[in-house]
Structures are given as C-alpha cells and as structure tokens.
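Small disclaimer: the values here were computed from a predicted structure and weren't measured. Within every chain, numbering begins at 1; the chains are lettered A, B, ... in the order of the sequence lines, protein sequences first and strands thereafter. Atom set for the values below is all heavy atoms of this structure, side chains included, hydrogens, waters and symmetry mates excluded.
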Amino acid sequence: MRAPFPRRRSFALTTLDKTFEPASAEARLYRGWEDSGAFTANPASNAAPYTIMIPPPNVTGSLHVGHALTMTLQDIFIRFRRMQGRDVLWQPGTDHAGIATQMVVERLLDKEGVSRKQLGRETFLSRVWQWKAESGGTITQQLRRLGASPDWARERFTMDEGLSAAVREVFCTLHDQGLIYQDKRLVNWDTVLQTAISDLEVESRETKGSMWHIRYPVEGGEEIIVATTRPETMLADTAVAVHPENEKFKHLIGKLVTLPLTERRIPIVADEYADPEKGTGAVKITPAHDFNDFEVGKRHNLPMPSMLDRQGRIMLAELGELPEFVRGLEGKDRFAARKEIVAELEARELLVEVKPHPHAVPHGDRSGTPIEPLLTTQWYCNAEVLAQPAIRAVESGRIKFVPQQWENTYFAWMRDIQPWCISRQLWWGHRIPAWYAPDGKVFVARNAEEAQAKAGPGVELTQDEDVLDTWFSSALWPFSTLGWPEKTPELDKYYPTDTLVTGFDIIFFWVARMIMMSLHFMDDVPFRTVYIHGLVRDEKGQKMSKSKGNVLDPLTLIDAYGTDALRYSVAAASGQGRDVKLGAKIVETNRGFITKIWNAARFLEMNGVKPNPAFKPEDAKLPLCRWILDATERAVTQATEALDGFQVGAYAQTCYHMVWGDFCDWFIEFAKPGFASGDAAEIRDTAAYVLGVLLRLMHPLIPFVTEELWDHFGYGAEYSLIAAPWPGEIAVNDAETARREVQWVIDLISEIRTVRSEMNVPPSLKSPVLLQDAAPATLARAEAWFEAISRMARASEIGPLTGTPPKNAAQAVLGEATIILPLEGLIDLDAERKRLAGALAKAQA
RNA sequence: GGGCGCUUAGCUCAGCGGUAGAGCAUCACCUUGACAUGGUGGGGGUCACAGGUUCAAUCCCUGUAGCGCCCA
C-alpha cells in the first residue's frame with residue numbers, strides 16, 4: 001500500500017490569456033487565413049478538386065440565421081476537404097435578385113419623390129448599379145464574420161458580363177432548339193409589381209371568402225344557379241359548365257343563358273370539370289381569368305375576353321356593347337367592383353344566397369397581393385423536355401439527395417412540371433435578347449448586331465422590354481461562374497462540382513433548374529450530392545418572423561458569444577435534414593465548450609506540454625498514453641465517417657465527447673499525478689500530440705479557437721491550421737490491453753464515486769478501498785493507478801481484503817472482484833439508517 | 001383531397017431486432033491545485049396507440065390518432 005501523493009502547488013507559467021477572446025482573435029485570424037492564400041483554389045495543382053457552389057445570396061440581403069446554418073455547413077465540408085489535401089474551390093457570389101433589388105431601389109427613389117418611370121429605364125438602371133456598388137457588398141462582408149472560407153477573388157455576380165453572356169447563349173440556344181418560345185396564355189399576374197410571375201412565386205393563402213349563388217336565366221324560361229367565389233369576373237363569362245352526367249342539368253346542355261348584367265347570350269356546355277358535388281354543380285366559365293376555366297374554354301372553343309387591366313381594374317374594351325350599370329364600372333378596382341356587382345345582383349333578385357366559403361387564394365410571394373390570372377404574351381421555357389434527363393439523373397443515382405426522402409419531392413414536381421414563364425415585366429435583370437421588326441417579326445440573337453444581320457439591313461429593330469426571371473441566371477450558376485461558354489481551365493477542373501448545400505425551400509426554384517440546365521448544356525450533372533438542410537427556428541420551434549419579433553441576429557450572437565459558439569450550435573443541432581432550433585441561451589451554453597477547450601489547453605501549457613516533433617505514437621509505452629491515443633484514433637475515425645456521410649451533428653457530438661469526456665474528464669485528470677512522476681515526458685508528449693490531433697479534428701467546426709491554440713502552441717506556422725493535414729490513422733501499440741486496463745480504472749473510480757455519493761460520504765474524507773477476490777493482475781493495476789484513484793475517488797489506500805469484510809462497509813462488484821468501502825467513522829450511520837428507512841417507506845408506499 | 005415527415009426522460013434530440021442513451025433542465029454534494037462558462041453523483045421513460053411478423057419489437061409490417069410541411 002502506498003500513501004497518497006503529496007500536496008503540491010503548481011506555479012508553472014502560462015502565456016495564454018485566462019479566456020479566449022473571440023472579438024479580437026476572429027478578425028485577426030480571418031485576415032491571416034485570407035492573406036496566406038488558404039482560400040485560393042489552384043486549377044494548376046494536381047490535387048483532386050472539391051467544389052461547392054455557394055447558393056448566391058441576394059445582393060440586397062443581410063445576414064440572417066439561415067445563412068449561419070447553410071454557410072457553417074458548407075464551410076465545415078470545405079475546410080474538411082481542404083485539410084484532406086483536395087484542391088478546394090468554394091465559389092462565392094451574389095444574385096441580382098430582380099424583383100427584390102428593384103423594389104429596394106424604388107423605395108429609395110420614393111423617398112426622393114421620384115418614380116422609376118419618371119427616371120426612365122437607363123437612368124434607373126444606373127441608379128441600381130450605383131446602389132449595388134455602395135451596398136451590394138454587405139452580405140459578403142457579413143459572411144466573413146461566420147468564418148466562411150470561399151475563394152473571394154473568384155466572386156461572381158449574376159449580372160457580370162461573363163454570366164450575362166452565358167444567359168444570352170443559353171436563351172438563344174434553347175430558342176433555336178424550340179425549347180424557349182412566346183405564348184399567349186394565362187399567367188400569374190402580380191397587380192402590385194406589374195409583372196408576370198412563375199407558379200413557384202405564387203403561394204396560396206387560406207382566405208375567408210364567400211360562395212355566391214347567382215341565378216342565370218336560361219332560354220325557354222328555366223334558370224340555372226351558378227356558384228362562384230369571384231362574382232365580378234362574370235362580366236367576362238363565356239359559358240356555364242355542367243357535368244355531362246349530371247341528371248339535374250343534362251337537359252339544359254347546349255341551351256343559351258342570358259348572362260345577367262351584360263345581357264350577353266352564352267352557352268351551357270358539358271364538361272367534367274364541373275363537379276356535381278361542389279357548389280350548385282353549375283359553374284360559370286371565365287376563360288381569361290381562371291386557370292381551370294381557361295382549359296374549359298380551350299376544350300369548347302370559347303371566346304376569351306379579358307375584363308381586368310394590369311392593375312386589376314375593370315376594363316370593358318373587349319366586352320362589346322354593354323348596359324349602363326356595367327359601363328359605370330370601368331376603371332374600378334376588382335374588389336370594389338365585386339361589391340357593386342353583388343349589390344346590383346341582389347337588387348335585381350338574382351342573388352340566391354351567399355355562403356361563407358374559406359378557400360385558398362393565390363398571392364404573390366413578394367408583394368403579398370392576390371394574384372390575378374391574366375391573358376398575356378410571355379416567354380416560356382419548355383421545362384418538360386428539359387426535365388426528362390434531370391429525372392433520370394436522380395433515378396440513376398448520379399445525383400443523390402441527402403436526406404434521400406427529398407428525391408420524392410423532386411420527382412413529384414418534375415414529373416408534372418409546367419411550362420416555365422421566364423419573362424418578367426421589370427427593368428432590373430437580364431434583358432431578353434429578342435428584337436422586334438415593325439411588322440412584329442421576332443429576331444432572337446446574342447446581340448443587336450446579330451439580330452440586325454438576321455433581320456436584314458435597314459429594318460428598324462426594338463429590343464424586347466422585358467427581363468428574365470432571376471432564377472434563369474441562377475440555373476446556370478454551376479457552370480457560368482466557371483467561365484462557360486468559354487472553355488476555361490476552371491470549367492475543366494471543377495465541373496461537375498461535388499456538393500450542393502441548400503434548403504428545401506428552393507429545390508424547385510433552383511436545384512431542379514440547375515440540374516436541367518446543366519445536363520442540357522454541360523452534358524453532365526452539376527453536382528453529385530445535394531445536401532438539404534432544415535430551417536432555423538427559434539427556441540420554441542416557431543418560424544422566425546419580423547412580425548413575431550423572434551428573429552435572431554447572427555451578428556449579435558457572434559458579438560456576444562463568438563463565431564465558434566454559433567457555428568458549434570447550428571452544426572450540433574443539425575441532424576440530417578432536421579430543422580434547427582436556436583436561441584441565445586443555446587449559443588451561450590455551447591460557448592462553454594469553447595471555453596473548456598481553451599482551459600484544457602491552458603492547463604497543459606502550464607504543465608510544460610508542447611509539441612514534440614520527434615514523438616511517435618507507436619512508441620508510447622504507458623497504458624494511459626496508449627489508451628488516449630487509441631481513443632483519439634477512434635474519434636478521428638468516427639468524425640471522418642460522419643463528415644463523409646454528411647452527418648454534421650454526429651461529427652460535432654464526437655468532438656464534444658472526445659474533448660470533454662475522454663480528454664478532459666479522464667486523460668487530463670489521470671495525467672495530473674503523472675506530470676509529477678518519472679513518466680512525465682511521455683505524458684507531455686502524448687498530451688501535445690493528442691491536442692494537436694483534436695485541434696485539427698475540430699478545425700472545420702470551430703476554426704477560430706482551434707487556429708488560435710494551434711498557433712500559440714507552435715504546431716505550425718501562424719495561420720497554418722487551416723492548411724494542416726486532416727488527422728489520419730494513429731498507430732498504437734497493443735491498444736486492446738491499454739483500453740481494458742484504463743476502462744477498468746474508470747469503472748473502479750465511477751463505482752467508488754457512486755457508492756460514496758449514495759452513502760453521503762463527505763468528499764473531504766478519504767476512505768480505504770478494499771478489493772475482495774481480486775486477481776493478482778487486478779491488484780497490480782490498482783497499485784499502479786493508485787495516485788489517480790486516490791485523487792479522483794478519494795481513496796486513502798487500496799489493497800486486497802484480508803480476512804472477513806469489516807462491518808458497516810458498502811460494496812460494489814467490478815469484474816471478478818468486489819469493491820469494499822469501509823464506512824465506519826466516515827458517515828453518520830444513524831442518519832444514514834434513517835435516510836434508508838425513509839427511502840424504503842417511500843418505495844413501499 | 002394527394003404526398004412526405006414526426007411522435008423516445010420536464011425540454012431538445014440520438015439510437016437500434018437482443019439489459020433504453022446524450023445535452024440541457026432538475027435535485028444533492030463540492031471554493032479538489034485548468035475551467036463555477038466548473039466538478040461528482042442521483043432522480044426521472046408501458047420508446048403515441050392497436051394489431052401483426054419473430055425465440056425476441058422502441059426498432060420491421062399494417063392500421064389509428066395527434067402534430068408539422070409540401071402539393072392541389
């Protein structure tokens with residue numbers, strides 16, 4: 001039996017500050033990385049590429065927590081692959097965001113009392129460019145605060161000349177192939193923004209509407225009652241439809257009704273669209289103002305007059321001769337007109353009833369205004385043709401979604417894809433490369449000269465006024481940023497890219513369209529894996545919104561707790577595809593992890609730990625050292641597997657347990673007596689080695705604190721952790737034996753602690769530990785680890801039990817042996833008996 | 001109406017055909033020499049419900065309920 005190690009005060013020096021100060025360190029480290037060229041891709045290198053295209057944030061954007069999530073995830077993958085020695089390209093850039101940007105600048109002009117139209121197209125556009133020059137860099141500056149490490153020198157903007165050339169090339173080619181065309185059909189018209197928008201930009205909102213039942217007189221004296229949610233559009237009705245099998249109305253099919261108010265005569269047609277179960281079973285048909293009615297109108301060859309203008313006001317020009325009441329509606333807003341029409345119908349006793357009818361009404365996602373289906377001429381892209389190879393690419397596994405369930409969503413949409421309306425009645429964007437001759441002939445060309453050549457000399461051409469949907473240029477992002485249509489070394493090396501990281505909300509807007517365009521023009525997939533992450537919500541799981549006032553500002557969180565704490569928080573919370581719940585409290589708690597790492601390193605430094613390049617893990621002899629090296633090896637393997645499988649949450653958790661559990665709770669505690677022993681050198685070397693591995697392992701997750709410690713300990717040159725190699729296999733001599741031995745010690749200490757705690761032994765009192773039936777090897781272990789056991793389990797001595805167990809001893813079983821803790825004199829036995837009696841009574845009650 | 005997902009400790013979530021896990025919260029104890037942004041220990045679960053497959057189901061299958069999202 002040995003006495004406990006003597007009390008000793010340590011006055012070893014440390015040069016590390018008491019705590020990590022992110023505010024001062026982050027900016028300095030970031031500059032250091034950027035200046036060192038660590039972010040730079042190198043097309044000339046022989047290293048295998050790894051590429052991520054950043055989802056270009058809107059140039060009007062400012063950093064929100066969604067960016068914090070998506071950029072952290074991307075930066076983790078990027079830094080991981082960079083450390084693995086890949087030639088990494090993280091392509092940054094911003095999106096011109098047609099509608100959003102135009103709205104921002106128009107709002108500014110509004111304050112000056114000027115309108116866009118007063119300025120005229122050219123002046124307005126120069127104002128937008130001016131705004132972009134002044135304010136367009138906000139978002140990219142803010143991305144730096146997250147520690148994001150893209151190749152900034154390669155930053156692109158969707159309206160750069162090169163990218164615009166790509167847009168024109170794609171437009172002209174698709175037009176030549178018949179895949180882009182003009183068509184007059186119903187579009188979703190935003191009456192506020194005064195532009196067409198695509199199906200995707202429409203969101204349906206549940207609205208408390210009404211169902212009006214209106215009497216339409218049929219020739220021969222009968223009447224038919226139609227049900228509608230939009231009475232005002234009856235001005236442009238061109239038929240009433242009933243189901244062909246509907247016995248109630250069968251006899252009326254083919255007869256004419258007199259449309260109330262306008263007094264026009266329109267037919268009753270048979271069409272399966274008229275659901276006998278809905279409303280009255282008879283439905284009015286307004287082909288120019290309803291998508292379903294438009295289809296019915298086409299099937300029955302009905303006229304399609306419009307009765308609303310582009311502001312959503314009543315327009316009578318196409319309706320022919322009209323009675324006075326209707327003429328009085330001209331120019332009135334559609335909702336005002338609805339009231340007047342309903343009142344008039346009521347006055348004429350044509351209104352049978354009004355039923356409350358909650359239903360979904362389409363709204364513009366930007367303007368929030370009800371969408372008006374309008375018959376206009378627009379440019380369309382034949383998405384159905386482009387979708388076929390894109391569907392096959394996912395079916396065949398050439399592109400994989402993670403989590404895979406999103407493939408279902410993708411397929412469902414792609415297999416029922418509609419023509420994509422790509423023209424927008426805006427000024428800010430890529431102007432449609434089409435020119436019109438005075439006779440209306442259209443010439444699609446890459447530029448005005450080419451158009452002129454096509455039209456012939458002397459023909460006066462005017463360019464199409466419209467611009468393209470913003471998503472048209474985003475769809476080309478994976479190759480347009482690399483210089484396409486030029487043949488560039490970048491295109492050669494980095495296409496196809498590896499991973500796309502984005503949210504599910506833009507699978508259709510962006511992901512699907514990139515896949516379609518890329519396959520068509522590059523003849524290869526744009527990326528191999530689509531990693532879809534969830535949404536960031538508040539602590540309660542609610543969506544963040546300004547109106548709820550629960551929006552978290554990532555910059556505020558960074559200022560308060562540091563970027564590493566924020567990154568760790570979002571990464572750890574991001575189970576595959578799950579929504580991420582985030583609150584200041586969570587980030588604050590996780591800052592504790594950063595502090596823990598810092599303090600562990602600080603303690604090691606105090607004890608003379610510094611990197612020893614001559615140290616080889618396979619030469620480690622002490623079980624303690626072999627054990628921690630082996631544990632580290634397993635953590636490295638787990639973390640690498642997790643990152644390979646896009647399991648960022650599991651990666652974060654592995655790091656957490658390795659550092660806080662194995663390294664701090666056990667290894668460092670075991671090492672404390674070791675630092676004062678003859679084994680100190682190997683323990684120091686091992687500690688330094690393991691710390692070096694862990695800093696590398698965690699760098700993608702928490703880049704700042706790890707780089708700071710790496711630099712401070714001198715593992716490499718300043719700012720070199722970002723470029724350090726990812727930890728590989730760690731050779732450990734007979735890891736199995738070391739693992740068994742240390743695990744036994746851990747179990748022993750845990751058992752003693754549990755028993756002592758349950759028996760309420762005051763920590764200040766040490767107790768002997770006796771081992772009954774212990775094998776000689778077990779006793780030898782106990783002896784060898786005595787100092788650690790003494791410290792950590794408050795053991796005064798440890799040895800075999802000789803004779804019979806003492807009275808009043810607590811017991812626990814560990815392996816073949818029984819641990820015996822004599823408690824005589826350590827606890828108040830009477831108090832303990834009372835406590836147990838009380839517990840027993842409670843259990844029996 | 002169609003599709004997808006979720007339901008495991010008070011909360012947030014892992015897990016997996018074979019003895020239920022983590023973090024946070026909670027309770028008790030501890031100014032032990034890196035860290036009170038800390039340490040140690042405890043309590044706490046019919047794994048939504050009902051069937052089925054199986055030697056064995058929290059896990060696989062079917063259904064039900066509740067919640068969420070997408071599409072119409």
Is there a donor-acceptor contact under 3.5 Å linking the side chains of [X] and [Y]?
X	Y	answer
Asp17(A)	Trp598(A)	no
Ser198(A)	Glu201(A)	yes
Gln811(A)	Thr818(A)	no

**Request:** Select from Ala360(A) and Thr589(A) the residue whose nearest nucleotide in RNA chain B is closer to the 5' end of that strand.
**Result:**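 Upstream on the strand: Thr589(A).
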
Using the [atom1] atom in both, what is the distance from [N] to [M], to the nearest Å?
N	M	atom1	result
G38(B)	U46(B)	P	31 Å
C69(B)	C24(B)	C1'	27 Å
C29(B)	A65(B)	C1'	45 Å
G45(B)	U12(B)	C1'	16 Å
C47(B)	A28(B)	P	30 Å
C59(B)	C16(B)	C1'	5 Å
U7(B)	U64(B)	C1'	13 Å

**Request:** Send over the distance from Gln653(A) CD to A22(B) C1', rounded to a whole Å.
**Result:**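 In whole Å, A22(B) C1' and Gln653(A) CD are 6 Å from each other.
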
**Request:** Give the rounded distance in Å between these two atoms: CG of Asp275(A) and C1' of G1(B).
**Result:**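 Atom-to-atom, Asp275(A) to G1(B), this comes out as 11 Å.
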
**Request:** Cation-pi check, Lys596(A) to Tyr656(A): give yes when NZ or CZ is under 6.0 Å from the six-membered ring centre and within 45° of the ring axis, no otherwise.
**Result:**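 So Lys596(A) doesn't make the cation-pi contact.
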
Base, sugar-phosphate or nothing for [X]? Non-hydrogen atoms, less than 4.0 Å.
X	answer
Tyr656(A)	sugar-phosphate
Thr754(A)	sugar-phosphate
Glu669(A)	base
Ala412(A)	nothing

Any N/O pairs under 3.5 Å between the protein and nucleotides 5-12 of chain B? List them or say none.
residue: U12(B); atom: O3'; partner: Lys581(A); partner atom: NZ; Å: 3.2

Check this for me, if you would: do [X] and [Y] make a salt bridge, where the nitrogen-to-carboxylate-oxygen distance has to be below 4.0 angstrom?
X	Y	value
Asp271(A)	Arg299(A)	yes
Glu395(A)	Arg415(A)	yes
Arg753(A)	Glu751(A)	no

**Item:** Bracket notation of RNA chain B in which parentheses pair within the strand, [ ] cross earlier pairs, and | pairs with another strand (Watson-Crick or G-U, under 3.5 Å)
**Value:** (((((((..((((....[..)))).(((((.......))))).....(((((..]....)))))))))))).

**Asked** Within less than 4.0 Å of OP1 or OP2 of G39(B), is there a side-chain N or O belonging to Trp660(A)?
**Response**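 Looking at the OP1 and OP2 atoms of G39(B), one of them is under 4.0 Å from a side-chain N or O of Trp660(A).
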
**Prompt:** Should Lys672(A) be listed as having a side-chain N or O under 4.0 Å from OP1 or OP2 of C35(B)?
**Reply:**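 So the side chain of Lys672(A) is outside the cut-off, no N or O lying under 4.0 Å from OP1 or OP2 of C35(B).
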
**Donor/acceptor link under 3.5 angstrom from Lys585(A) side chain onto base of A25(B)** =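 Side chain to base: no pair present.
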
**Asked** Do the ring centers of Phe670(A) and Trp666(A) come within less than 6.0 Å of each other?
**Response**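 Yes.
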
**Message:** Among U40(B), G41(B), U37(B), which nucleotide has an atom closest to any side-chain atom of Asp665(A)?
**Reply:**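 For the Asp665(A) side chain, the nearest candidate turns out to be U40(B).
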
**Request:** Just do the side chain to side chain donor-acceptor pair (under 3.5 Å) check on Trp420(A) and Asp199(A) with the steps written out, would you?
**Result:** CA-CA 8 Å; Trp420(A) 174 17; Asp199(A) 298 343; over 6 Å; no

